[in-house]
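When reading the values below, keep in mind they use all heavy atoms of this one structure, side chains included, and skip hydrogens, waters and symmetry mates. In what follows, chains carry the letters A, B, and so on, assigned in the order in which the sequence lines appear, proteins first and then strands, with residues in each chain numbered from 1.
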Amino acid sequence: MPAPIQIYNTLTGQKEPFQPLVPGEVRIYVCGPTVYSYVHIGNARTFTSFDVIVRYLRYRGYRVHYVRNFTDVDDKIIKAAQDSGEDPIQLAARFVDAFAEDARALRLIEPDVSPRVSDHIPDIVAFIAKLLERGVAYESQGDVYFAVSKYPAYARLSRRNLDELRAGERVQPGEQKREPLDFALWKAAKPGEPAWDSPWGRGRPGWHIECSAMSMRYLGETLDIHGGGMDLLFPHHENEVAQSEAATGKPFCRYWMHCGFLDLEGAKMSKSLGNVVRLRDALQRVDPEALRCFFLSTHYRSPLAFSDKSLADAELRMEYFYETLRRVDERLGGQDVGPGPVHGQPERFLAEFEAAMDDDFNFAGALGSLSGMFAAMNELVERPPVRDRALVGRTLAQLRRQVRAVASVLGLLEDDPAAWLLRRRERAARAHGIDVARVEQLLGQRQAARAAKDFATADRLREELRALGVSVMDTPQGPVWKVSPPR
RNA sequence: GGCGGCAUAGCCAAGUGGUAAGGCAGGGGUCUGCAAAACCCCGACCCCCGGUUCAAAUCCGGGUGCCGCCUCCA
């Protein structure tokens, strides 16, 4: 049994060895999108982070039960629907579909369950009834509120001072709370809002109760991991803990994980600020794997700044990976090299990768180990340090296998190298207004000149192509070109 | 104001007690008809001031700067 993974637990504020409740199994719940619009790249970063975390837990042999919800009943959805004149449930369903498309494009693995609030009203109603029964919630004119004063550990997760929180809170008009910090479990319906029958009259769930009810439905009363963006820590997750533990008397979640923010031009990006880049728009400009690579370039808890330069760097890195894979696959020729000794210690890169990921999922470190494998493969292909061709082949084959294993955890390098490179070139050519037919024509002329040993003409044509933003590489298989505008 | 986080080469970014991973950009090489790609080499005393220690980027105290949460938000 390898040493346990270390996870930074928001609950305790430190890294802890990960011990799931049931050995070998992980129950993880990630707060999913509120579907009132398209997801933005900040959402995408969080979901990608937990995507890689789940993949790694599986890589380490855990049986993972992965749930990520859709919040499809919510104030913002109702507002968006009112603005557009659409039915709120329908609008939400539309954005659920859009999310599924975006998630596929980003190569996110499917959670085992993706529950929607609208499908779980009975669970939620039962949950609220239980809280009322236990005397930690109260009804007030068709609303139901959680009584924070009945849960002494309130604010422990987010490390807040209860008195100061109380001092700062204000009761919104129309709310019937006993205490400002109390939060709504159930909201009485206003005309035109989606509503369901309940013992307290027609209404709809408050925001926080859904996650407690749905996570318990699918994962039981105690979660191993609960994840989400930093901003959900308070009040959302705090409230989840309060209502869940008040209902069951058991710990709600053992490890809380919070993902850092994606900044846009030095400022936080959020739908309310309006400085939002939609995921689907970003994917028009950048390769999905390059976007993932960008997300993985820093630790999941650190802030990450979105910029064209960073994206371009990530795409360059992916290009390097794929160009190397193309060479390696060519060299290996799909042949089974068979067992035998290998050169050096290729397995050390895998050990490096696992050490990085075991340490609170150190994405940047993991990416570094992947780079090491590529440098090693390139050396073996281009400058073999030993003469024994079979030895080199076996070493390459092992590295290639390791790359596959690591890349499948990171969700990278899942394309055919040639196809990926061609797609990138086409996108770049389009972006720079490069006429591909013209390039091919000049390339043909240059090849003819080279065949005739007319190097002066060949060089002139190379310069001409360069002026177009095209660089040409002569390889044994003929010339290859790519878009590389002067930087 | 309260709570939390961060400050590492031109830029991005790992490393959390023993003299600094990786990527981009830059310089020098190898290779090449010329190139490109690839590979190799070169580059930081880790925000400032104190302290602990044989030893600190790494721990403690203070300062400065930036960011997030405290209201919907991944």
Between [N] and [X], counting only base atoms on the nucleotide and side-chain atoms on the residue, is there a donor-acceptor pair under 3.5 Å?
| X | N | value |
| --- | --- | --- |
| A:D459 | B:G33 | yes |
| A:R160 | B:G1 | no |
| A:R450 | B:G33 | yes |

Is the phosphate of B:C39, meaning OP1 or OP2, less than 4.0 Å from a side-chain N or O of A:N378?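 Yes, because at least one side-chain N or O of A:N378 sits under 4.0 Å from OP1 or OP2 of B:C39.
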Would you say B:G15 has OP1 or OP2 under 4.0 Å from some side-chain N or O of A:N362?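 Yes, such a contact exists.
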Is it true that A:R160 and A:E238 make a salt bridge, defined as a side-chain N closer than 4.0 Å to a carboxylate O?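 Salt bridge flag = no for A:E238 with A:R160.
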Salt-bridge present (A:R423, A:D415; N to O < 4.0 Å): yes
Could you tell me whether the side chain of A:D51 reaches within less than 4.5 Å of the side chain of A:R292, counting heavy atoms only?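 They are in contact (side-chain heavy atoms under 4.5 Å apart), so the answer is yes.
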Considering only heavy atoms from C-beta outward, does the side chain of A:I53 approach that of A:V30 to under 4.5 Å?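 No, every pair of side-chain atoms sits at 4.5 Å or beyond.
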Check every strand shown and say whether [X] touches a base, only sugar-phosphate, or nothing at a heavy-atom separation below 4.0 Å.
| X | value |
| --- | --- |
| A:S310 | nothing |
| A:A356 | nothing |
| A:R462 | base |
| A:W207 | sugar-phosphate |
| A:H299 | sugar-phosphate |
| A:S158 | sugar-phosphate |
| A:D474 | base |
| A:L232 | sugar-phosphate |
| A:R383 | base |
| A:R460 | nothing |
| A:G228 | sugar-phosphate |
| A:L262 | base |
| A:Y320 | sugar-phosphate |

Applying a 3.5 Å limit to both distances, which nucleotide forms a Watson-Crick or G-U wobble pair with [N]?
| N | result |
| --- | --- |
| B:A57 | none |
| B:A38 | B:U30 |
| B:C69 | B:G2 |

Candidate nucleotides [options], ranked by approach to the side chain of [X] - the nearest:
| X | options | value |
| --- | --- | --- |
| A:T298 | B:A74, B:G33, B:A13 | B:A13 |
| A:D359 | B:U16, B:A35, B:C73 | B:U16 |
| A:D231 | B:A38, B:A74, B:A14 | B:A74 |
| A:K76 | B:C72, B:A74, B:A36 | B:C72 |
| A:R446 | B:A38, B:C34, B:C24 | B:C34 |
| A:R317 | B:A74, B:G22, B:A14 | B:G22 |

Interatomic distance where [atom1] belongs to [X] and [atom2] belongs to [N] [whole Å]:
| X | N | atom1 | atom2 | value |
| --- | --- | --- | --- | --- |
| A:H237 | B:A74 | NE2 | P | 10 Å |
| A:R425 | B:A37 | CZ | C1' | 15 Å |
| A:L233 | B:C73 | CG | P | 13 Å |
| A:L162 | B:G2 | CG | P | 17 Å |
| A:N69 | B:A74 | CG | C1' | 12 Å |
| A:R466 | B:C34 | CZ | C1' | 10 Å |
| A:Y29 | B:A74 | OH | P | 13 Å |

Which comes earlier along RNA chain B counting from the 5' end, the contact point of A:F261 or that of A:M473, where each point is its nearest nucleotide?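 Its nearest nucleotide being more 5', the pick is A:M473.
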For A:F374 and for A:H236, find the nucleotide of RNA chain B with the closest heavy atom, then tell me which residue's nucleotide is more 5'.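 It is A:F374, whose closest nucleotide lies nearer the 5' terminus.
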Rounded [atom1] spacing from [N] to [M] in Å:
| N | M | atom1 | result |
| --- | --- | --- | --- |
| B:A7 | B:G63 | C1' | 13 Å |
| B:A21 | B:A57 | P | 14 Å |
| B:A37 | B:U58 | P | 39 Å |
| B:C11 | B:C45 | P | 13 Å |
| B:A20 | B:G29 | C1' | 25 Å |
| B:G50 | B:G18 | P | 24 Å |
| B:G5 | B:G10 | C1' | 26 Å |
| B:U16 | B:G1 | P | 33 Å |

Residue that, paired with A:H236, satisfies ring pair (Phe, Tyr, Trp, His ring centres under 6.0 Å) out of A:W207, A:F183, A:W256: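 One option only clears the test, and that one is A:W207.
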Does the side-chain contact (heavy atoms from CB on, under 4.5 Å) test come out yes or no for A:V67 and A:D112, once each step is laid out? CA-CA 6 Å; A:V67 177; A:D112 300 302; 5.7 Å; no
To the nearest 0.5 Å, what is the distance between CG (A:L296) and CZ (A:R45)? 9.5 Å
Could you walk me through whether A:Y29 and A:F50 pass side-chain contact (heavy atoms from CB on, under 4.5 Å), step by step? CA-CA 10 Å; A:Y29 184 94; A:F50 287 105; over 6 Å; no
Kindly determine whether A:F363 and A:M357 satisfy side-chain contact (heavy atoms from CB on, under 4.5 Å), including the steps that lead there. CA-CA 7 Å; A:F363 295 162; A:M357 290 296 281; 4.1 Å; yes
